[in-house]
2 protein chains.
Amino acid sequence: MPKDRAPTRIQQKNRATILDAALDVFSAQGFRGATVDEIAATAGLSKPNLLYYFPSKEAMHEALLERLLDTWLDPLRAMDGDGEPLEEIMGYVRRKLQMSRDFPRESRLFANEVLQGAPRIHDALSVDLKTLVDSKCAVLETWMASGAIARVHPHHLIFSIWSLTQHYADFDVQVRAVLGPEDPFDGAMAFLDTLYRRMLRP
Amino acid sequence: MPKDRAPTRIQQKNRATILDAALDVFSAQGFRGATVDEIAATAGLSKPNLLYYFPSKEAMHEALLERLLDTWLDPLRAMDGDGEPLEEIMGYVRRKLQMSRDFPRESRLFANEVLQGAPRIHDALSVDLKTLVDSKCAVLETWMASGAIARVHPHHLIFSIWSLTQHYADFDVQVRAVLGPEDPFDGAMAFLDTLYRRMLRP
DNA sequence: GTCTATAATAAGATAGAC
DNA sequence: GTCTATCTTATTATAGAC
């Protein structure tokens with residue numbers, strides 16, 4: 001096990017390789033569906049070597065979720081109460097859709113976890129996430145009160161952005177099966193742009 | 001194993017009990033996360049007795065998916081090309097949201113399967129589902145051409161209905177963690193009503 | 001039809017050589 | 001740091017009595 005001092009370059013590289021492989025497998029199979037064997041094979045390492053870097057399968061999963069939660073909410077944090085309301089919301093939608101396109105594995109890791117009752121991140125949801133969302137809902141409400149955007153339930157507005165954007169990562173197979181060769185994300189961005197501008201027009 | 005003749009009442013009842021328990025466990029844990037032990041315990045039967053009715057864990061899962069696919073698309077099938085366009089669409093949204101509220105386990109079973117690449121239902125998606133969706137998109141396009149509803153990409157319109165409604169079943173823990181004690185479904189229905197009426201107003 | 005007992009295998013984790 | 005070999009446990013499935 002790595003000693004309790006600054007990790008060497010090879011340690012950093014191996015940990016990164018392992019986490020990337022683990023993300024591949026966990027996001028595709030869920031926690032219990034994933035096997036350490038498959039993660040090791042994907043990483044190109046032996047199973048005991050993997051467990052030299054992470055003490056258990058659980059530890060890998062935990063490391064991934066922790067890293068994910070750190071960055072997953074950045075697009076919402078970046079919605080600026082002092083900006084132009086509609087453009088701030090559209091910017092949030094755009095950033096969220098880009099995350100679905102560029103980081104579908106992260107989206108599916110998260111979806112797997114929440115779908116199965118969020119056993120490992122329930123506190124993060126009901127504390128950190130709730131706090132952030134409530135504060136942004138307050139911002140949305142001032143925008144609605146000022147007449148800058150139309151009135152809707154602010155929490156459901158945020159849920160709608162989550163569901164509409166994450167759908168393209170989480171249900172990618174279904175979307176492509178139905179849509180055929182057409183790129184989903186271009187059409188999605190145009191559609192979401194229309195949707196939110198029409199719904200929120202004062 | 002049940003003989004190849006009409007099932008007795010006790011057989012029917014046991015099969016139904018098992019499938020209900022299996023739905024509980026598969027929808028909460030995914031296919032590989034589910035164990036036959038847990039399904040048996042939930043059903044109140046011994047494990048060998050379970051496997052007397054279904055030859056394998058895989059067979060239970062298959063039976064559930066088959067039954068699900070049969071009924072999952074009914075709300076879309078019911079959207080009538082001869083009806084009043086906006087009300088037909090709103091009716092579809094309402095039925096779909098009701099399914100999320102009344103059959104969240106089915107929604108999560110489906111989500112688990114698609115999220116993990118739809119290995120068992122890929123054909124159903126790219127054939128049956130695609131055929132149905134394409135035909136309903138043609139209907140939507142005639143409505144748009146006639147000016148009865150505003151123009152949007154029809155496939156993405158349908159994706160939006162799926163994602164916005166299923167979100168309340170699949171991400172139920174998250175929605176409730178953020179929303180607190182407020183009932184999600186009442187607010188959701190009001191929100192979706194507003195959303196689609198504003199977006200589709202000609 | 002239902003059960004107890006058990007076989008067979010898969011998977012997480014460790015020992016110990018190099 | 002990395003590997004082969006192995007232990008241990010969990011899990012699917014079956015045998016065979018009742």
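Chain naming here is simple, since letters A, B, ... match the order of the sequence lines and numbering starts at 1 in each. Small disclaimer: the values here were computed from a predicted structure and weren't measured.
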**Request:** Answer yes or no: is there an ion pair linking B:Lys136 with B:Glu141, defined by an N-O contact shorter than 4.0 Å?
**Result:** no
**Asked** Is the NZ or CZ atom of B:Arg15 both under 6.0 Å from the centre of the six-membered ring of B:Phe54 and within 45° of that ring's axis?
**Response** yes
**Message:** Rounding to an integer number of Å, can you tell me how far A:Leu50 CG sits from C:dA11 C1'?
**Reply:** 14 Å
**Item:** For atom NZ of A:Lys47 and atom P of D:dT4, their distance in whole Å
**Value:** 12 Å
**Request:** Check whether the side chains of B:Ser107 and B:Tyr168 place a donor and an acceptor atom closer than 3.5 Å, and report yes or no.
**Result:** no
**Request:** Measure from CZ on B:Phe54 to P on D:dT14 and round the result to the nearest Å.
**Result:** 15 Å
**Request:** Send over the distance from B:Asp37 CG to D:dT12 P, rounded to a whole Å.
**Result:** 7 Å
**Message:** Counting the atoms with a prime plus P, OP1 and OP2 as sugar-phosphate, which does B:Ala34 contact under 4.0 Å by heavy atoms, base, sugar-phosphate, or nothing?
**Reply:** sugar-phosphate
**Request:** Choose from C:dT2, C:dA15, D:dT2 the nucleotide whose nearest atom is closest to any side-chain atom of B:Ile10.
**Result:** C:dT2
**Request:** Would you kindly give the NZ-to-P distance between A:Lys13 and D:dG1, to the nearest whole Å?
**Result:** 12 Å
**Request:** Can you tell me the distance, in whole Å, between the CG atom of B:Asn14 and the P atom of C:dG1?
**Result:** 8 Å
**Complete:** Per atom distances to the B:Ser46 side chain, the nearest of C:dA13, D:dG1, C:dT2 is C:dT2
**Asked** Can a salt bridge be assigned to the pair A:Arg77 and A:Asp74 using a cut-off of 4.0 Å between side-chain N and carboxylate O?
**Response** yes
**Asked** What is the distance, rounded to the nearest whole Å, between atom CD of A:Gln11 and atom C1' of D:dT2?
**Response** 13 Å
**Request:** Kindly point out which of D:dT12, D:dT2, C:dT4 is positioned nearest to the side chain of A:Asn49?
**Result:** D:dT2
**Asked** Closer than 4.0 Å, any side-chain N/O of B:Arg32 to the OP1 or OP2 of D:dT11?
**Response** no
**Item:** Length of the line joining B:Tyr52:OH and D:dC18:P, which is rounded to integer Å
**Value:** 19 Å
